[in-house]
Amino acid sequence: MKAPSVKLPIFTSDGQFVAHYSEKGLAKLNFPRVGTPRCGVRTSQRDVPSKVRRWHRATVAALKQVLAGRSPKKFPPLDLSGGTTFQRQVWNALRKIARGQTKSYGEIARAIGRPRAVRAVGGACGANPIPVLVPCHRVLAANGKLGGFSGGLDWKRKLLTREGVSL
DNA sequence: GTCACCTTAGAAG
DNA sequence: CTTCTAAGGTGAC
């Protein structure tokens, strides 16, 4: 039995994101899809618990703030229970990177006390279930270059540019 | 077991 | 400068 999840759409000028909520909070955020925009996504919030609706309002507000290059004043509770201990350490470190700042995979690795797990940090970033709000896009390669981004390098570039980071 | 992945410091050519 | 190597964690096959 999996934790029941509620999927709600978020309409932005950058496309339709989909937020997944578990009992604990926001568990996953998907970038706009070209293929299957809605698959189990609620079109109405009628039968959605008020708790979740409240989280969703926070998610929508926070997402739009980041997309606009600003720092959200409020976040919904994040349910990162889906990751391993190592991944949660990485994601937690990512959340400390402020708007407009960047770090390298190596710096994250050192920050969590695993200076040699550099590539593993890359792996954890790629496994990040909540991109944008957990700013995996603020992690660059050590030489200042973009590095990779599973959601598409366009997004990484776009988000950083809007935050005022020059590449 | 093997491989591919959002990496990187260092050594060799 | 370019190329090669070794080292971590994890999920897919």
Side-chain angles (χ1 to χ4, degrees), chain A residues 1-5 7 10 12-37 39-40 59 62-72 75-167:
Chain A
M1 281 296 281
K2 264 285 147 45
S5 85
K7 307 181 190 179
I10 300 179
T12 75
S13 48
D14 291 295
Q16 179 186 326
F17 286 73
V18 177
H20 300 227
Y21 298 92
S22 69
E23 292 300 311
K24 299 175 185 170
L26 177 63
K28 198 165 158 60
L29 183 63
N30 290 340
F31 279 112
R33 287 280 176 66
V34 275
T36 58
C39 177
T59 302
L63 176 62
K64 290 186 174 176
Q65 286 294 300
V66 179
L67 289 179
R70 293 195 290 276
S71 302
F75 283 93
L78 306 183
D79 178 8
L80 269 19
S81 62
T84 63
T85 301
F86 176 82
Q87 291 171 331
R88 281 199 299 273
Q89 289 183 94
V90 172
W91 299 335
N92 194 52
L94 293 181
R95 295 181 59 195
K96 293 178 186 160
I97 309 177
R99 179 217 79 109
Q101 282 186 195
T102 61
K103 287 208 173 199
S104 69
Y105 295 94
E107 285 175 309
I108 298 295
R110 284 194 291 278
I112 62 175
R114 309 296 281 279
R116 280 164 290 145
V118 193
R119 286 175 298 158
V121 168
C125 287
N128 171 19
I130 312 179
V132 186
L133 296 192
V134 174
C136 44
H137 59 278
R138 296 185 185 136
V139 184
L140 304 180
N143 54 11
K145 286 192 296 196
L146 267 185
F149 197 68
S150 58
L153 282 176
D154 309 354
W155 277 106
K156 193 167 183 174
R157 251 192 301 275
K158 186 185 295 184
L159 291 168
L160 287 172
T161 300
R162 291 179 186 179
E163 293 183 6
V165 175
S166 49
L167 309 169

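Quick caveat: nothing in here was measured; it's all calculated off a predicted structure. Quick note on labels: first sequence line is chain A, next is B, and so on, each numbered from 1.
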Pairs flagged by ring pair (Phe, Tyr, Trp, His ring centres under 6.0 Å) wherever [range] is involved - sequence neighbours left out:
range: residues 137-167 of chain A; result: A:F17-A:W155, A:F31-A:W155
range: residues 92-128 of chain A; result: none
range: residues 109-131 of chain A; result: none

Is the backbone of [Y] close enough, under 3.5 Å, to the side chain of [X] for a donor and an acceptor to pair up by distance?
X: A:K64; Y: A:S13; answer: no
X: A:E163; Y: A:L160; answer: no
X: A:K24; Y: A:P77; answer: no
X: A:R138; Y: A:L94; answer: no
X: A:R70; Y: A:Q65; answer: no

Strictly below 4.0 Å, heavy-atom distances to any atom of DNA chain C: list the hits from residues 114-121 of chain A, or just say none.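 Close to the strand are A:R114, A:R116, A:A117, A:R119, A:A120.
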
Going by heavy atoms closer than 4.0 Å, what residues in residues 131-159 of chain A are next to DNA chain C?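 Per residue number, the list is empty: none.
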
Once salt bridge (charged side-chain N to carboxylate O under 4.0 Å, His left out) is applied, do any residues pair with A:R162, and if so which ones, sequence neighbours excluded?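 Listed in chain order: A:D14.
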
Taking DNA chain B as the partner, which of residues 100-113 of chain A come within under 4.0 angstrom of it by heavy atom?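 When residues 100-113 of chain A is checked for heavy atoms under 4.0 Å from DNA chain B, the hits, listed by number, are A:S104, A:Y105, A:G106.
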
Going by heavy atoms closer than 4.0 Å, what residues in residues 80-88 of chain A are next to DNA chain B?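 The answer is none.
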
Quantified in whole Å, what is the P atom distance between nucleotide C:dC13 and nucleotide B:dC6?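 That atom pair is separated by 16 Å.
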
Under the rule for ring pair (Phe, Tyr, Trp, His ring centres under 6.0 Å), what residues qualify as partners of A:F75, not counting sequence neighbours?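 Counting only residues at least two positions away or on another chain, A:F75 forms no ring pair (Phe, Tyr, Trp, His ring centres under 6.0 Å).
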
Partners passing ring pair (Phe, Tyr, Trp, His ring centres under 6.0 Å) against A:W91 (at least two apart in sequence or in another chain):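 So A:W91 forms no ring pair (Phe, Tyr, Trp, His ring centres under 6.0 Å) with any residue.
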
Applying the Watson-Crick and G-U criteria (both distances under 3.5 angstrom) with [ ] for crossing and | for other-strand pairs, one obtains for DNA chain C |||||||.|||||

Heavy-atom check, side chain of A:V134 versus side chain of A:L29, under 4.5 Å: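 Result no, sub-4.5 Å side-chain heavy-atom pair not found.
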
Min side-chain heavy-atom separation A:V139-A:I97 under 4.5 Å: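 With C-beta onward as the side chain, the pair touches.
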
Can you confirm whether more than 12 heavy atoms, excluding those of A:R95, are under 6.0 Å from its CZ atom?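 No, not enclosed.
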
Nucleotide C:dT10, atom C1' - distance to CH2 of A:W91 in whole Å: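 Taking atom C1' of C:dT10 as the reference, CH2 of A:W91 is at 11 Å.
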
Pairs flagged by salt bridge (Lys or Arg N to Asp or Glu O under 4.0 Å) wherever residues 122-136 of chain A is involved - sequence neighbours left out: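 Listed once each, the pairs would be none.
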
